[in-house]
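Remarks on the structure that follows.
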Amino acid sequence: MATSASASLSKAVKQQYMELPQGDKVQAMYIWIDGTGEGLRCKTRTLDSEPKSIEDLPEWNFDGSSTYQSEGSNSDMYLIPAAMFRDPFRKDPNKLVLCEVLKYNRKPAETNLRITCNKVMNLVADQHPWFGMEQEYTILGTDGHPFGWPSNGFPGPQGPYYCGVGADKAYGRDIVEAHYRACLYAGVQICGTNAEVMPAQWEFQVGPCEGINMGDHLWVARFILHRVCEDFGVIASFDPKPIPGNWNGAGCHTNFSTKEMREDGGLKTIEDSIEKLGKRHRYHIRAYDPKGGLDNARRLTGHHETSNINEFSAGVANRGASIRIPRSVGQEKKGYFEDRRPSANCDPYGVTEALIRTCLLDEEGDEPADY
């Protein structure tokens, strides 16, 4: 099993230093999305005291020419603190700080989807949109081979691994447990986890989160996962189809509801929303992965519990549909629906914004409206 060289460094020696007192100073790790729209970057600065809110955190900058975000001749980019969490790696009073990225002219960077998402969320705040996202991922060795798979072959076919227990069924549970606890410590609204259908594939769920919090909490949960995997010397991949052939892909199923949908008779509103989504399938497919649908084309084949990328479908308890209405929602006539199309490497800001635009702002056509 190929693991990183860093993983073999002595964690016990490191712990001696991590236990040293840090005085009144606080370490704040600033985190941002790079120019790929799916990679995360981070760097740390010292603060003189513990920040109590976002307003206490200074703006910062970085070299965008090294993150696929600018050219070398004009490379300064601004980091604008947007959400703050406890740091599960350095522990209290240290912080993780999720940032928006602005260009040299203070306009949002191309992959800063948070800024428009926040604008759209504010327009519908009175409808209290809730989201829950199911983040699937695959644990890989540093050689890109799935963790625990035989080095020159495949494990047994899918069947025993989903929610499996036992050394021959659950590959890499230590990472899942460490990530779960780290998210709880940080204040991320993680609400569950399970082993997935393909061996070495797992899922965690974040939510329910209202409005912009969905994107903030999912991005920080992803960052924490990458850091946990770094400590173990392995890689967390959000590729929507990491292994071609008869193996499940990885998605980020998105559950959505409004106050109206959650109240008695809300099923009518849910059905109205699904009808609107059906008329705007192409727009959503473009918004649901960082390559405008190209990544998802490998996953949404109509097989392995997915719908076909070219067709829109909806059904009660149907995992082969674009939109699934849970059976309990069909019976209680209220609740939420699940959009099964977003890919594992989607930007949650882009996904949640698209749902609001189509379902609540009644937008039509292939382009988003300007507000």
Side-chain angles (χ1 to χ4, degrees), residues 32-33 37-38 54 78 80-84 98-103 106-135 189 206-222 252-262 266 269-270 272-293 296 312 322-323 336-343 345-371:
W32 70 98
I33 300 159
E38 47 186 319
I54 284 296
Y78 297 104
I80 314 299
M84 181 169 67
L98 183 67
C99 299
E100 283 191 22
V101 177
L102 300 183
K103 295 192 279 199
R106 309 288 296 186
K107 289 198 161 71
E110 281 71 14
T111 53
N112 177 0
L113 304 191
R114 187 183 190 276
I115 207 154
T116 54
C117 181
N118 204 19
K119 223 181 267 183
V120 164
M121 292 299 172
N122 287 333
L123 292 175
V124 298
D126 60 330
Q127 299 189 51
H128 300 287
W130 289 5
F131 301 92
M133 295 182 83
E134 308 169 24
Q135 177 68 70
Q189 277 177 264
V206 176
C209 295
E210 189 163 323
I212 198 70
N213 286 341
M214 184 67 252
D216 291 348
H217 282 247
L218 189 66
W219 273 116
V220 171
R222 286 175 174 177
C252 193
H253 302 156
T254 301
N255 302 278
F256 172 56
S257 71
T258 60
K259 188 168 180 288
E260 199 176 350
M261 294 178 195
R262 296 187 291 270
T269 313
I270 290 171
D272 290 347
S273 290
I274 291 171
E275 195 176 325
K276 293 173 193 173
L277 289 167
K279 294 174 182 162
R280 221 178 180 212
H281 181 60
R282 276 197 320 196
Y283 164 72
H284 282 266
I285 289 296
R286 281 214 321 272
Y288 283 2
D289 80 47
K291 298 189 178 69
N296 240 342
F312 180 85
S322 312
I323 307 288
Y336 67 96
F337 66 83
E338 174 193 52
D339 193 334
R340 298 178 61 81
R341 295 171 295 175
S343 68
N345 61 346
C346 69
D347 187 327
Y349 297 128
V351 171
T352 56
E353 179 188 328
L355 284 165
I356 296 293
R357 284 178 177 275
T358 302
C359 299
L360 304 189
L361 297 175
D362 299 333
E363 290 185 20
E364 296 174 349
D366 284 348
E367 294 303 323
D370 225 355
Y371 297 102

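From T352, atom OG1 reaches atom CG of L113 across 9.5 Å, with rounding to the nearest 0.5 Å. Separating the NE2 atom in H253 from the SG atom in C346 is a distance of 10.5 Å, to the nearest 0.5 Å. For the atom pair CD (E275) and CD1 (I270), the distance works out to 14.0 Å, reported to the nearest 0.5 Å. Between the CD atom in Q127 and the OG1 atom in T258 there is a gap of 6.0 Å [rounded to 0.5 Å]. Here NZ of K107 is found 11.0 Å from CD1 of I115. Values are rounded to the nearest 0.5 Å. Atom NE2 of H284 is separated from atom OG1 of T254 by 11.0 Å, given to the nearest 0.5 angstrom.
The one candidate from W130, Y336, F337 that meets the ring pair (Phe, Tyr, Trp, His ring centres under 6.0 Å) condition with F256 is F337.
Counting heavy atoms from C-beta on, the side chains of R341 and L277 come closer than 4.5 Å.
The pair E38-K291 meets the salt-bridge criterion, with a side-chain N (NZ, NE, NH1 or NH2) lying under 4.0 Å from an Asp/Glu carboxylate O. In this structure, K119 does not pair ionically with E353, as no charged nitrogen and carboxylate oxygen lie closer than 4.0 Å. Comment: E367 engages R286 in a salt bridge, judged by a side-chain N to carboxylate O separation of less than 4.0 angstrom. Using a 4.0 Å cut-off between charged nitrogen and carboxylate oxygen, D216 and R114 count as a salt-bridge pair.
No side-chain donor-acceptor contact under 3.5 Å links W32 and N112. If you check the side chains of H281 and S322, you find no donor sitting under 3.5 Å from an acceptor.
In terms of heavy-atom proximity, L218 sits nearest to C252 at CD2-SG, 4.0 Å. Across all their heavy atoms, K103 and P108 have their closest contact at CE-O, 3.6 Å. The two residues D347 and T111 come nearest to each other via the heavy atoms OD2-O, 4.3 Å. Between M133 and P348, the shortest heavy-atom contact is SD-CB, 3.6 Å. Contact record, M121 with I212: CG-N, 3.8 Å, taken as the closest heavy-atom pair. In terms of heavy-atom proximity, M261 sits nearest to S273 at CE-OG, 3.4 Å.
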Q) After noting the C-alpha distance and the side-chain angles of I80 and L102, does the key distance pass the side chain to side chain contact (heavy atoms under 4.5 Å, CB included) rule? A) CA-CA 7 Å; I80 314 299; L102 300 183; 3.7 Å; yes
Q. Should I274 and F312 be marked as a side chain to side chain contact (heavy atoms under 4.5 Å, CB included) after you check the CA-CA gap, both sets of side-chain angles, and the distance that decides it?
A. CA-CA 10 Å; I274 291 171; F312 180 85; 4.0 Å; yes
(Q) side chain to side chain contact (heavy atoms under 4.5 Å, CB included) for F131 and N213? Distances and angles first, verdict last. (A) CA-CA 9 Å; F131 301 92; N213 286 341; over 6 Å; no
Q. Under the side chain to side chain contact (heavy atoms under 4.5 Å, CB included) criterion, do I33 and V101 qualify, and how do the steps go?
A. CA-CA 8 Å; I33 300 159; V101 177; over 6 Å; no
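At least one donor-acceptor pair closer than 3.5 Å links the side chain of S343 to the backbone N or O of Y288. With K276 contributing its side chain and T358 its backbone, the two residues share no donor-acceptor pair below 3.5 Å.
Residue-environment remark: CD (E210) exceeds the threshold of 12 foreign heavy atoms within 6.0 Å.
The side chain to side chain donor-acceptor pair (under 3.5 Å) search around E363 returns R280, R357, Y371, not counting sequence neighbours.
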